Visitor: 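The structure under discussion is supplied below as structure tokens; questions concerning it will follow.
Remember, it's a predicted structure, so these values are computed and weren't measured experimentally.
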Amino acid sequence: MQRWKGRVALVTGASVGIGAAVARALVQQGMRVVGCARNVDKIEKLAAECQSAGYTGTLIPYKCDLSNEEEILSMFSAIKTLHQGVDVCINNAGLARAEPLLSGRTSGWRNMIDVNVLALSICTRQAYQSMKERHVDDGHIININSMGGHRMVPSADEHFYCATKYAVTALTEGLRQELREAGTHIRTTCISPGIVETEFAFRHHDSDPEKAAATYESIKCLKAEDIANAVTYVLSTPSHVQIGDLQMRPVEQVS
């Protein structure tokens with residue numbers, strides 16, 4: 001990770017869960033991390049904790065609604081002005097709505113597509129353009145995917161969400177191919193966790209907290225720090241190594 005010290009990483013959805021853990025890990029490794037979310041209060045608290053801990057990097061909170069393209073473009077413009085540009089892009093932000101295919105609301109489907117697919121694609125495009133403008137040839141784009149992007153969960157509430165994560169799997173491979181065609185050494189990686197104990201299920205099943213809690217009580221789940229460790233592992237690999245898809249499950253997870 002030595003070569004990343006002082007360089008700039010963008011982490012989307014950095015206020016809680018996996019995003020917060022990744023932001024903390026990269027700051028600890030000496031990176032300048034722009035952590036974005038719709039609410040930055042928790043990121044500001046995390047930034048203060050990182051500073052108090054004596055980490056060599058810096059966490060810069062940035063308020064951004066990723067369902068709004070103009071806000072994403074404004075964020076990248078601000079990063080260019082204040083920090084020259086993005087060297088690492090961690091597309092972590094994602095959400096699930098309990099909207100089945102046969103009865104789901106269009107607004108819920110659209111929300112998942114806007115954040116899980118379009119925001120990821122816009123951030124990827126802008127990050128690549130930032131690297132290209134500055135002749136950065138060793139950047140890295142990491143998409144935090146899901147095992148739901150590789151197999152369909154037998155639950156109607158998850159089906160549309162899984163479809164958006166299948167899209168992330170395809171987008172990551174498409175990006176890898178386009179980067180090769182462009183003749184760059186910028187790499188892309190997809191990290192696909194199984195069940196991770198975060199606030200995710202409580203947001204997904206916001207009207208049924210008991211169901212959300214049961215998600216994490218049946219087995220020993222992955223922790224957000226496990227995914228952050230995977231991110232630092234991917235970033236620390238030699239320049240000739242391409243990790244396409246890193247799948248992670250709890251040992252006790254059945255599917």
Visitor: Output, in order, the C-alpha distance, side-chain angles, deciding distance and verdict of side-chain contact (heavy atoms from CB on, under 4.5 Å) for Ser236 and Trp4.
Guide: CA-CA 9 Å; Ser236 67; Trp4 295 112; over 6 Å; no
Visitor: Let me know which of Ile142, Ile243, Ile141 forms a side chain to side chain contact (heavy atoms under 4.5 Å, CB included) with Thr188.
Guide: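 Of the listed options, the one satisfying the test is Ile141.
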Visitor: Please check this pair: side chain of Thr172 against backbone of Thr189, looking for a donor-acceptor N/O pair closer than 3.5 Å.
Guide: no
Visitor: To the nearest 0.5 Å, what is the distance between CD1 (Ile195) and OG (Ser218)?
Guide: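 One gets 5.5 Å once the value is rounded to the nearest 0.5 Å.
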Visitor: Taking only residues two or more places apart in sequence, or in another chain, which ones meet Trp109 in a ring pair (Phe, Tyr, Trp, His ring centres under 6.0 Å)?
Guide: Phe160
Visitor: Using a 3.5 Å distance criterion without hydrogens, assess whether the side chain of Arg187 forms a donor-acceptor pair with backbone atoms of Arg176.
Guide: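 Flag not set: sc Arg187 to bb Arg176 has no pair under 3.5 Å.
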Visitor: Please say yes or no: joined through hydrophobic side-chain contacts below 4.5 Å, possibly via intermediate residues, are Met248 and Val241 part of one cluster?
Guide: yes
Visitor: Using 0.5 Å steps for rounding, measure from the OH atom of Tyr62 to the OG atom of Ser74.
Guide: 4.0 Å
Visitor: Report yes if some heavy atom in the side chain of Leu95 is under 4.5 Å from a heavy atom in the side chain of Tyr161; otherwise report no.
Guide: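 Sidechains of Tyr161 and Leu95: no contact.
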Visitor: Say whether Gln177 and Glu173, considering side chains only, have a donor N or O and an acceptor N or O under 3.5 Å apart.
Guide: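 Judged by distance alone, the side chains do pair up.
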Visitor: Measuring only between side-chain heavy atoms, which start at C-beta, is Lys165 closer than 4.5 Å to Ser146?
Guide: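 They are in contact (side-chain heavy atoms under 4.5 Å apart), so the answer is yes.
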Visitor: Look up atom CD1 in Ile191 and atom CG in Asp245, then write down how far apart they are to the nearest 0.5 Å.
Guide: 9.0 Å
Visitor: Ignoring hydrogens and angles, state whether a donor on the side chain of Asp114 or Ser67 is under 3.5 Å from an acceptor on the partner side chain.
Guide: no
Visitor: Check for a donor-acceptor pair, side chain of Asn229 on one end and backbone N or O of Glu225 on the other, with a separation under 3.5 Å.
Guide: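 Between the backbone of Glu225 and the side chain of Asn229 there is a qualifying donor-acceptor contact (under 3.5 Å).
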Visitor: Sequence neighbours left out, what passes salt bridge (Lys or Arg N to Asp or Glu O under 4.0 Å) with Glu44? Give chain and number order.
Guide: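 Scan of Glu44 (salt bridge (Lys or Arg N to Asp or Glu O under 4.0 Å), adjacent residues dropped) gives none.
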Visitor: Write down the atom of Gln29, the atom of Thr232, and the distance for their closest heavy-atom approach.
Guide: CG-CG2, 4.5 Å
Visitor: Donor-acceptor pair, Asp87 side chain versus Arg7 backbone, under 3.5 Å?
Guide: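 Such a contact is absent between Asp87 side chain and Arg7 backbone.
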Visitor: Leu118, Leu66: one ILVMFWY side-chain cluster at the under-4.5 Å cut-off?
Guide: no
Visitor: Find out whether Asp157 and Pro100 are in side-chain contact, i.e. whether some heavy atom of one side chain is under 4.5 Å from a heavy atom of the other.
Guide: yes
Visitor: Hey, mind stepping through Val231 and Ile144 against side-chain contact (heavy atoms from CB on, under 4.5 Å) and telling me if it holds?
Guide: CA-CA 9 Å; Val231 169; Ile144 305 300; 4.1 Å; yes
Visitor: Side-chain heavy atoms nearer than 4.5 Å, only ILVMFWY residues, links allowed to pass through others: does that put Tyr128 and Val234 together?
Guide: no
Visitor: Do the side chain of Asp226 and the main chain of Lys223 share a donor and acceptor less than 3.5 angstrom apart?
Guide: yes
Visitor: Is there a path from Leu222 to Leu246 through hydrophobic residues (I, L, V, M, F, W, Y) whose side chains come within less than 4.5 Å of each other?
Guide: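 Looking at the clustering, Leu246 is in the same group as Leu222.
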Visitor: Are Val117 and Leu73 connected into the same hydrophobic cluster when the rule is that any two of I, L, V, M, F, W, Y join if their side-chain heavy atoms are below 4.5 Å apart?
Guide: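 Result: no, two separate clusters.
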Visitor: May I have the step-by-step check of side-chain contact (heavy atoms from CB on, under 4.5 Å) for Cys36 and Met75, ending in yes or no?
Guide: CA-CA 9 Å; Cys36 78; Met75 174 176 66; 3.6 Å; yes
Visitor: Salt bridge or not between Arg24 and Glu49? Use side-chain N to carboxylate O under 4.0 Å.
Guide: yes
Visitor: Check this for me, if you would: do Glu252 and Lys220 make a salt bridge, where the nitrogen-to-carboxylate-oxygen distance has to be below 4.0 angstrom?
Guide: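 Between Lys220 and Glu252 there is no salt bridge, as every charged N stays at least 4.0 Å from the carboxylate O atoms.
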Visitor: Could you state the interatomic distance from CD1 (Ile90) to CD1 (Ile18), rounded to the nearest 0.5 Å?
Guide: 12.0 Å
Visitor: Is it true that atom CD of Gln51 has more than 12 heavy atoms of other residues, nucleotides or ligands lying nearer than 6.0 Å?
Guide: no
Visitor: Ignoring hydrogens, what is the shortest heavy-atom contact between Cys221 and Pro250? Give both atom names and the distance.
Guide: CA-CG, 4.1 Å
Visitor: Using a cut-off of 6.0 Å, state whether more than 12 heavy atoms not belonging to Arg180 lie near its atom CZ.
Guide: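 Yes.
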Visitor: Does atom NZ of Lys5 have more than 12 heavy-atom neighbours from other groups under 6.0 Å away?
Guide: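 Atom NZ in Lys5 is packed in, count exceeds 12.
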Visitor: Looking only at heavy atoms, what is the nearest atom pair of Val136 and Ile186, with distance?
Guide: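 The pair with the smallest heavy-atom distance is O-CD1, 3.6 Å.
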Visitor: Determine the minimum heavy-atom distance between Thr12 and Ala93, stating which atoms define it.
Guide: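 Nearest heavy atoms, Thr12 then Ala93: OG1-N, 2.9 Å.
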Visitor: Above 12 or not: heavy atoms from other molecules or residues under 6.0 Å from CZ of Arg3?
Guide: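 Counting other residues, nucleotides and ligands, CZ of Arg3 exceeds 12 neighbours.
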Visitor: Do side-chain atoms of Ser15 reach the backbone of Ile43 as a donor and acceptor pair under 3.5 angstrom?
Guide: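 No, Ser15 side chain to Ile43 backbone: no donor-acceptor pair under 3.5 Å.
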Visitor: How far does OG of Ser77 sit from CD1 of Ile72, to the nearest 0.5 angstrom?
Guide: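 Ser77 OG to Ile72 CD1: 13.5 Å, rounded to 0.5 Å.
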Visitor: Determine whether Val153 and His159 make a side-chain contact, defined as any pair of heavy atoms from C-beta on separated by less than 4.5 Å.
Guide: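 The answer is no; the side chains never approach within 4.5 Å.
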Visitor: So do Asn145 and His150 actually touch side chain to side chain, heavy atoms under 4.5 Å?
Guide: yes
Visitor: Tell me, do Met31 and Val8 make a side-chain contact under 4.5 Å, heavy atoms counted?
Guide: no
Visitor: Would you name the heavy atoms of Gly149 and Thr169 that are closest together and state the gap between them?
Guide: O-OG1, 2.9 Å
Visitor: Are Leu235 and Leu26 close enough that some pair of their side-chain heavy atoms sits under 4.5 Å apart?
Guide: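 SC-SC contact between Leu235 and Leu26 confirmed.
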Visitor: Do the side chains of Arg125 and Glu69 get close enough for a salt bridge, i.e. N-O under 4.0 angstrom?
Guide: yes
Visitor: Measuring from Met131:CE to Asp138:CG, what's the distance to the nearest 0.5 Å?
Guide: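 It comes to 9.0 Å.
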Visitor: Can you give me the closest heavy-atom contact between Arg249 and Arg151, atom names plus distance?
Guide: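 Between these two residues, the closest heavy atoms are NH2-NE, 4.5 Å.
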Visitor: State, yes or no, whether a side-chain contact exists between Asn91 and Thr124 at a heavy-atom distance under 4.5 Å.
Guide: yes
Visitor: Hey, does the side chain of Glu71 reach the backbone of Cys64 with a donor-acceptor pair shorter than 3.5 angstrom?
Guide: no
Visitor: Could you walk me through whether Val27 and Arg32 pass the side-chain contact (heavy atoms from CB on, under 4.5 Å) check?
Guide: CA-CA 6 Å; Val27 171; Arg32 287 184 290 157; over 6 Å; no
